[in-house]
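See below for the structure under consideration.
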Amino acid sequence: MTLAFDAPHIERVVGSLSRKMLINGEWVDSASGETFETVNPATEEVLASVAKGGAEDADRAVRAARTAFEDGSAWRTMPHGQRGKIIHKLGDLVLENLEEFALLESLDNGKPYAVAKAADVPLTADMFHYMSGWATKITGRTMPVSAWDPNAYLTFSLKEPTGVAAQIIPWNFPLLMAAWKVAPALAAGCTVVLKPAEQTPLSALLLGELALQAGLPPGVLNIVTGFGDAGAALASHPDVDKVAFTGSTEVGKEIVKAAAGNLKKVTLELGGKSPNVVYADADIEKAIAGSAHAIFFNQGECCVAGSRLYVEESVYDQVVEGVAARAAEIKVGNGLDATTEMGPLVSQEQFDRVTGYIDSGRSDGAGIHGGTRVGDKGYFVAPTVLAGAREDMKAVQEEIFGPVVAAMPFRSEDEIIPVANNTNYGLGAGVFTKDVGKAYRTAKRLRAGTVWVNTWNVFDATLPFGGYKESGWGREMGEDVFHNYTETKTVITDLS
Ligand code: NAP
Ligand code: MG
């Protein structure tokens, strides 16, 4: 195996990171003095120990964020153009550290270095660059009154930052999820406490260092590394105005309950079980490549993974065999190997979970392509197709969050729509066909926040993203994200 990096280089990049938390512009230990270890999922070896933040640290970070948000603070009085420049500079610094970030993402999460370098890190920079422009473009409106003399009053709205935002993120795109959360919150003028996932804290620490370099005032961005209890302390904290969460539907429901104490605003990006509908009139080669990408990209650890593959009867065998053939040729290995296409799953827990679903598919009678462990060290699972699956199987109903797709045939457009929509989730969906009318009819009838037509996994800072049903509340990215981080104030002036 040819690794792209030698051990001393890895040691230098990981070793140069702070192992502390960022609170009020300073790197500090946890109040308890405790640390926890983060593991490289390709080798099962410890990468680094970082501070284990708990409720007391969450409280310290919230107090710093509150002080930074107070009337008259450096952040609240800063010209919006200057705010935008700092956010833009942070995007530049992310690009200047492209290779370090890609290395940290690969080591901590397992994903291929080449993928992180081509996708995660540039998209992170783009998010800061795109959102920096909004800092000067979030505006209210003037609205003439309807029931009163329109000349008697001057009436307008202001858009003001919501306040202190707690942002709790998962491990599948550690850096990019931080950017999706932090960039718009800063553009809106909020202050932030970010809690990265316990499995992948490292890239957030580098982002914190760069945020200070970019010129963010102390306390505007705080980072508390730790476990779920730190997240829970933020979600229930009485001085947090808004909580934004990405992760499991189960924890999302806990967040809603915890937020009820002070009725903080809540947005949620939760799980999915995205249907992928392939019609017989599709470009079949494109449909096979797209369907494989839909489920196998990022080890299948994608909330929008196309995990239910519905194929029109007449091309079912051809498409399923094509996806299985692609699965068999995907090179699984250490993310630092230049030829690797798929890395390990993020943790032992995720490995057990995913292989458990493969076993359930097997015992429920699905035909298995792949389905094995790869190697005997690291959390590697072969890309897997469960052929001839049925709607009542656990592996078809529940989110797996791994490289496992269940394939089922269908006969007609009218038959497949209710089946595709028969899920508690509604995050992503896709359709492959060359018939434009059928493509748009299907796109309109699928109940999901994003529908891809003849493609999958295209994301952009301009495009709103979020879920119907139990896939969440609210939208991230684009202009829509500012509903999450602004309050509308209406001002009514008597002109007499
Ligand atoms: P998770 O528990 O929902 O974790 C997401 C984030 O929430 C992490 O930062 C986590 O901290 C934190 N957290 C955990 N319990 C919390 C609580 N009670 N209050 C506030 N924050 C809390 O997800 P997971 O356990 O890592 O993964 C489990 C499953 O979730 C996956 O198999 C997958 O199905 C789904 N998932 C979905 C997404 C998505 O993008 N929608 C992403 C990741 C996972 P810790 O890291 O310390 O637990
Ligand atoms: Mg790790």
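Side chains included, hydrogens not; waters and symmetry mates left out as well; all remaining heavy atoms used. Throughout, residue positions are numbered sequentially from 1 according to the sequence presented. We count ligands from 1, going down the list as the structure has it; atoms in each ligand are counted the same way.
Taking any N or O of G247, backbone or side chain, at least one lies under 3.5 Å from an N or O belonging to ligand 1. Between L270 and ligand 1, at least one pair of N/O atoms sits closer than 3.5 Å. Where the criterion is an N or O separation shorter than 3.5 Å, residue side chain and backbone included, E254 fails it with respect to ligand 1. Any N or O atom pair closer than 3.5 Å counts here, and P170 shares no such pair with ligand 1. Taking only nitrogen or oxygen atoms, main chain and side chain alike, E349 does not reach within less than 3.5 Å of ligand 1.
The six-membered or imidazole ring of F465 lies near that of W180, with a centre-to-centre distance under 6.0 Å. A ring-centre distance under 6.0 Å is not found for F69 and W75. Ring centers of F459 and W452: under 6.0 Å apart, within the cut-off. A ring-centre distance under 6.0 Å is not found for F380 and F351.
Protein heavy atom in closest approach to atom 9 (O) of ligand 1: I169 O, 2.8 Å. Protein heavy atom at the shortest distance from atom 12 (C) of ligand 1 is I168 CG2, 3.6 Å. Closest to atom 7 (O) of ligand 1 among all protein heavy atoms lies F245 CE1, 3.1 Å. Nearest protein heavy-atom neighbour of atom 24 (P) of ligand 1: W171 NE1, 3.7 Å. Among all non-hydrogen protein atoms, the one lying nearest atom 39 (C) of ligand 1 is C303 CB, 3.5 Å. Scanning the protein heavy atoms around atom 34 (O) of ligand 1, the nearest turns out to be E399 OE1, 2.8 Å. For atom 2 (O) of ligand 1, the nearest non-hydrogen atom of the protein is V251 CG2, 3.5 Å.
No donor-acceptor distance shorter than 3.5 angstrom exists from the side chain of D460 to the backbone of L463, with no hydrogens or angles considered.
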Inset, instruction - Determine, stepwise, if the pair K242 / T267 fulfils side-chain hydrogen bond (donor to acceptor under 3.5 Å, both in side chains). - result: CA-CA 8 Å; K242 196 242 150 43; T267 44; 3.0 Å; yes
Legend entry - Stepwise side chain to side chain contact (heavy atoms under 4.5 Å, CB included) test for E269 and W473: CA-CA 7 Å; E269 298 290 352; W473 289 353; over 6 Å; no
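Contacts of E250 with ligand 1, taken as heavy-atom pairs under 4.0 Å, are absent altogether. In Q350, the part holding a heavy atom less than 4.0 Å from any atom of ligand 1 is the side chain. The proximity of F401 to ligand 1, defined as any non-hydrogen pair under 4.0 Å, is limited to the side chain. The residue L234 has no part lying near ligand 1, judged by heavy-atom distances below 4.0 Å. With a heavy-atom cut-off of 4.0 Å, R353 touches ligand 1 through its side chain alone. The parts of A232 lying near ligand 1 are both backbone and side chain, judged by heavy-atom distances below 4.0 Å. Neither the backbone nor the side chain of D229 has a heavy atom within less than 4.0 Å of ligand 1.
Counting heavy atoms from C-beta on, the side chains of E44 and K377 come closer than 4.5 Å.
Comparing G228, S248, S471 against atom 15 (N) of ligand 1, the shortest heavy-atom distance belongs to G228. Across the listed options E198, K195, K52, K195 owns the non-hydrogen atom lying nearest to atom 11 (O) of ligand 1. If you check each of L427, L268, V304, T246 against atom 5 (C) of ligand 1, the one with the closest non-hydrogen atom is T246.
Salt bridge status for K331 with D337: present, with a side-chain N to carboxylate O gap under 4.0 Å. Between K181 and E476 there is a salt bridge, with a side-chain nitrogen of the basic residue lying less than 4.0 Å from a carboxylate oxygen of the acidic one. A salt bridge is absent between E398 and K273; no separation between the charged side-chain nitrogens and carboxylate oxygens falls under 4.0 Å. In summary, K111 and E301 do not engage in a salt bridge, as defined by a charged side-chain N under 4.0 Å from a carboxylate O. Ion pairing between a basic and an acidic side chain is recognised when a charged N comes within 4.0 Å of a carboxylate O; D241 and R66 show such pairing. For E250 and K253, the salt-bridge test fails: no basic side-chain N is under 4.0 Å from an acidic carboxylate O.
In this structure, atom 47 (O) of ligand 1 has protein heavy atoms in its sub-4.0 angstrom surroundings.
Checked against side-chain contact (heavy atoms from CB on, under 4.5 Å), A429 has the following partners two or more places apart in sequence or in another chain: P275, L446, A448, V451.
Counting atoms of ligand 1 from 1 in the listed order, those under 4.0 Å from a heavy atom of E269 are 41 (N). In the vicinity of Q199, heavy-atom distances shorter than 4.0 Å reach the ligand 1 atoms 46 (O). Proximity to G226 (heavy-atom distance under 4.0 Å) selects the following atoms of ligand 1: 47 (O). Those atoms of ligand 1 that come under 4.0 Å of a heavy atom in G231, given as number and element, are 19 (N), 20 (C), 21 (N).
Screening T38, L175, T225 against L202 for a side chain to side chain contact (heavy atoms under 4.5 Å, CB included) leaves a single residue, T38.
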